[in-house]
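Because the structure is predicted, anything quoted here is derived from the model rather than measured.
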Amino acid sequence: MAKKQDSVYFDSFIKCTDYSCQAAHMLEETMANFDAAKMEERMEAIHTVEHSADMEKHALLNTLIKAFITPIDREDIMMLSQNIDELTDNIEDVLIRIYYNNIQQIRPDALELMRIVCRCCEAVRQMMEEFADFRHSTKKLHEQIVRINSMEEEADKVYIDSMHRLHTTCSDPMTVMTWREIYSYLEKCADACEHVADIVESVVMKNS
């Protein structure tokens with residue numbers, strides 16, 4: 001396990017990925033039980049989560065600035081922190097686009113893609129919970145990284161199929177443009193999960 005003085009970094013990674021999970025489940029619930037009249041309320045709620053994630057990231061970077069010795073390279077700590085933060089930002093960005101495009105009904109394939117994103121976020125959190133013991137848990141971490149990569153591939157397939165369906169069944173150009181943007185941001189969420197996993201894999205390789 002991580003030494004006590006090092007645990008602040010790993011604990012912060014877990015907290016930040018937990019905020020990502022909170023935002024993801026909030027977005028999924030909003031899409032599954034969609035009510036356009038409640039969008040401003042949902043926007044405020046998810047922004048509160050995103051702001052809390054930002055505060056946690058800033059606290060971690062303040063600790064990093066003052067640290068003499070770190071458990072992994074400073075650059076890797078910064079990259080992990082920034083990429084986890086980007087994941088939460090991307091989730092909020094999906095809701096923002098649903099709001100400003102004045103969406104009145106959620107397409108089923110968008111909800112399918114969002115559910116994959118939720119599972120991917122949960123897998124990232126589980127990976128970060130294991131990450132503190134990365135020197136002794138390389139096999140389990142590798143399995144978790146592969147799982148996240150597989151989910152990202154699953155999201156890619158749903159994204160491609162959804163885009164094809166959109167372009168072949170929808171005749172309204174504005175609707176096509178709107179949903180293209182939303183699908184793209186959902187796919188970015190899955191990509192962000194994979195980016196976090198890639199950094200973890202790199203850290204494990206460098207420190208093995």
Side-chain angles (χ1 to χ4, degrees), residues 1-2 6-28 46 49-50 52-54 56-57 59-61 64 70-94 110 112-162 183-208:
M1 294 300 292
D6 295 339
S7 65
V8 61
Y9 301 103
F10 299 105
D11 288 348
S12 182
F13 294 147
I14 294 168
K15 286 179 187 175
C16 288
T17 52
D18 188 63
Y19 285 126
S20 298
C21 289
Q22 288 180 44
H25 286 295
M26 197 175 292
L27 178 56
E28 181 191 19
I46 205 166
V49 174
E50 188 275 335
S52 297
D54 276 346
E56 181 61 36
K57 180 189 75 171
L60 174 64
L61 295 182
L64 183 61
T70 57
I72 59 177
D73 288 350
R74 291 172 183 272
E75 294 79 5
D76 291 326
I77 292 172
M78 288 189 65
M79 282 182 65
L80 269 172
S81 179
Q82 289 167 356
N83 276 267
I84 295 169
D85 185 62
E86 185 175 334
L87 169 57
T88 309
D89 288 347
N90 286 345
I91 294 166
E92 184 186 25
D93 283 342
V94 175
E112 181 185 1
L113 187 50
M114 184 61 230
R115 284 173 175 151
I116 298 170
V117 169
C118 275
R119 288 194 283 114
C120 213
C121 287
E122 292 287 355
V124 169
R125 180 172 60 185
Q126 291 168 12
M127 177 183 65
M128 298 315 296
E129 288 170 351
E130 193 69 27
F131 185 49
D133 197 31
F134 71 91
R135 287 186 174 86
H136 305 99
S137 189
T138 53
K139 182 180 178 182
K140 190 167 183 180
L141 273 171
H142 175 71
E143 290 170 354
Q144 290 170 328
I145 290 164
V146 169
R147 183 169 164 239
I148 292 166
N149 290 340
S150 296
M151 280 189 275
E152 192 276 335
E153 290 177 4
E154 182 184 355
D156 277 349
K157 184 180 186 308
V158 173
Y159 169 71
I160 292 167
D161 290 346
S162 299
Y183 287 144
S184 294
Y185 270 83
L186 282 165
E187 197 264 342
K188 280 184 180 182
C189 294
D191 283 349
C193 289
E194 186 175 48
H195 293 160
V196 175
D198 288 345
I199 297 168
V200 168
E201 185 174 42
S202 175
V203 170
V204 172
M205 291 290 289
K206 284 196 292 185
N207 290 277
S208 295

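Residues R74 and M78 fail the side-chain proximity criterion, which asks for heavy atoms closer than 4.5 Å. In this structure, the side chains of E187 and E152 come closer than 4.5 Å at one or more pairs of heavy atoms. Counting only heavy atoms from C-beta outward, the side chains of L64 and Y9 approach each other to under 4.5 Å. With contacts defined as side-chain heavy-atom distances shorter than 4.5 Å, the pair K57/L60 does not qualify. For the pair D133/K140, no side-chain contact is recorded, criterion being any heavy-atom separation below 4.5 Å from C-beta on. Considering only heavy atoms from C-beta on, Y19 stays 4.5 Å or farther from D85 through its side chain. Side-chain contact between D93 and K188 is absent, with no heavy atoms from C-beta onward closer than 4.5 Å. Annotation: side chain of D191 is in contact with side chain of D156 (closest heavy-atom distance under 4.5 Å).
Between T70 and D73, the closest heavy-atom pair is OG1-C, 4.4 Å. Between C121 and I91, the shortest heavy-atom contact is SG-CD1, 3.9 Å. Taking both residues in full, the closest heavy atoms of C120 and C193 are given as SG-CB, 3.4 Å, listed atom of the first, atom of the second, then distance. Here the closest non-hydrogen pair linking T88 and A53 is CG2-CB, 4.3 Å. I14 and E129 get closest at one heavy-atom pair: CD1-CA, 3.8 Å. For the pair E28 and C118, the tightest heavy-atom approach, listed with the atom from each and the gap, is OE1-SG, 3.3 Å.
Interatomic distance, M151 CE to R119 CZ, rounded to the nearest 0.5 Å: 6.0 Å. Interatomic distance, CG of N90 versus OG of S184, reported as 11.5 Å (0.5 Å rounding). Distance check: L141 CG to M128 CE gives 9.0 Å after rounding to the nearest 0.5 Å. The line from CG of D89 to OH of Y185 is 11.0 Å long, rounded to the nearest 0.5 Å. Annotation: the span from M79 atom CE to I77 atom CD1 amounts to 12.5 Å, rounded to 0.5 Å. How far SG of C189 is from CD of E92: 11.0 Å, rounded to the nearest 0.5 Å.
Distance alone, capped at 3.5 Å, places no donor-acceptor pair between the S202 side chain and the D198 backbone. A distance-only check finds no donor-acceptor pair linking the side chain of S12 to the backbone of V8 [under 3.5 Å].
The environment of K139 atom NZ is sparse: at most 12 non-hydrogen atoms of other residues, nucleotides or ligands sit within 6.0 angstrom.
In this structure, a donor-acceptor pair under 3.5 Å is absent between the side chains of N149 and E153.
By the 4.0 Å N-to-carboxylate-O rule, R125 lies close enough to E122 to be salt-bridged with it.
F10 and F131 have perpendicular rings, their planes meeting at more than 60° on a 0 to 90° scale where under 30° would count as parallel.
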